[in-house]
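The next block holds one structure in the form of structure tokens; read it before the comments.
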Amino acid sequence: MTDSRPGRVWGLVASQAAGRGGRVSAADVCAAAVAAAEVTGAWLSAARGAEAGHLMRVTNEVSEQLAELHLTLGEGPCLDAAASGGPVLASDLAGGESGRRWPVFALAARQAGAAAIFAFPLRIGTIRAGVLGLYRERPGPLTAFQLGDALIFADTATLLLLDAQDQAGGDLAALARPGGQPADLAFRRAEIDQATGMLTEQLSAGIGDAFVQLRAYAYARDLRLTDVARDIVTRRLRLHPDPSRDGEA
């Protein structure tokens, strides 16, 4: 094996792909990064800009909840990393800085089981591909060596994700294939998109405003965004321009 750090990181990612018997993909970066950076879990989102994007891979349930919290609350380290183009390292979500930057997210993330989150934008120059998120269940910073590895993992995920997007014709939703977005994650994102579309009719609103209302309903009732979207899609829930009527047929 090569002694270079990129070569070593690539070997760890390739080993994950070999373990599942498939081609190397961006999804393999998550599992490899968890062990190398000594974190509890990881997730990978594909996006063209600073939005939360399509969740491509999670390593555990808490990782999925953390990714969804970014989407529901509209704040958090991953969104800041995507917007700024640089890593955002929150080594203690209970600390004052995290509370000031993300007052709602920091508390919700801790309740979900995260004490620290490290977010790395996936980008090459002006090209943005998404975000790699890592979390720990205990507070504490990454060591210099772990941070260096995490940056290489992010670069590796960027190249693999851009290659997959190119093969999919740039369609983020078309990445659900072996080594890409698992079917369950793709289905949940599709439900959110479908629910948002239905709300444009129910609320006579644009797509952006409809999504804001979907997030607001979930947040105000301490519900998961995916659960609210599913209830709307299955017509168990209907939102109205007058919030006092929400839930009426």
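A donor-acceptor pair under 3.5 Å is formed between the side chain of R136 and the backbone N or O of P141. Of the possible donor and acceptor atoms, none in the side chain of T196 sits under 3.5 Å from a partner among the backbone N and O of A210. In terms of modelled atom types and a separation under 3.5 Å, the side chain of E75 and the main chain of F105 share a donor-acceptor contact.
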Inset, instruction - Any chance you could lay out the side-chain contact (heavy atoms from CB on, under 4.5 Å) test for Q65 and R224, step after step, and finish with the verdict? - result: CA-CA 8 Å; Q65 291 181 35; R224 293 192 61 170; 3.9 Å; yes
Inset, instruction - Check step by step if side-chain contact (heavy atoms from CB on, under 4.5 Å) holds for R5 and D149. - result: CA-CA 7 Å; R5 172 171 275 176; D149 273 2; 3.1 Å; yes
Inset, instruction - For E38 and T143, run side-chain contact (heavy atoms from CB on, under 4.5 Å): C-alpha distance rounded to whole Å, both residues' side-chain angles, the deciding distance at 0.1 Å, then the answer. - result: CA-CA 10 Å; E38 297 183 18; T143 66; over 6 Å; no
Inset, instruction - Report the C-alpha distance between T40 and V62 in whole Å, list the side-chain angles of each, state the deciding distance to 0.1 Å, and finish with yes or no for side-chain contact (heavy atoms from CB on, under 4.5 Å). - result: CA-CA 9 Å; T40 311; V62 174; over 6 Å; no
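With hydrogens and angles left out, the side-chain atoms of D155 and T158 include no donor and acceptor closer than 3.5 Å.
Between the CD atom in Q194 and the OG1 atom in T234 there is a gap of 9.5 Å [rounded to 0.5 Å]. Note that NE2 of H240 is 7.0 Å distant from CD of Q202, once rounded to the nearest 0.5 Å.
The side-chain contact (heavy atoms from CB on, under 4.5 Å) with L214 is formed by just one residue from the set T72, D209, L199; it is L199. For the side-chain contact (heavy atoms from CB on, under 4.5 Å) with Q16, the lone residue among V34, D28, V29 that qualifies is D28.
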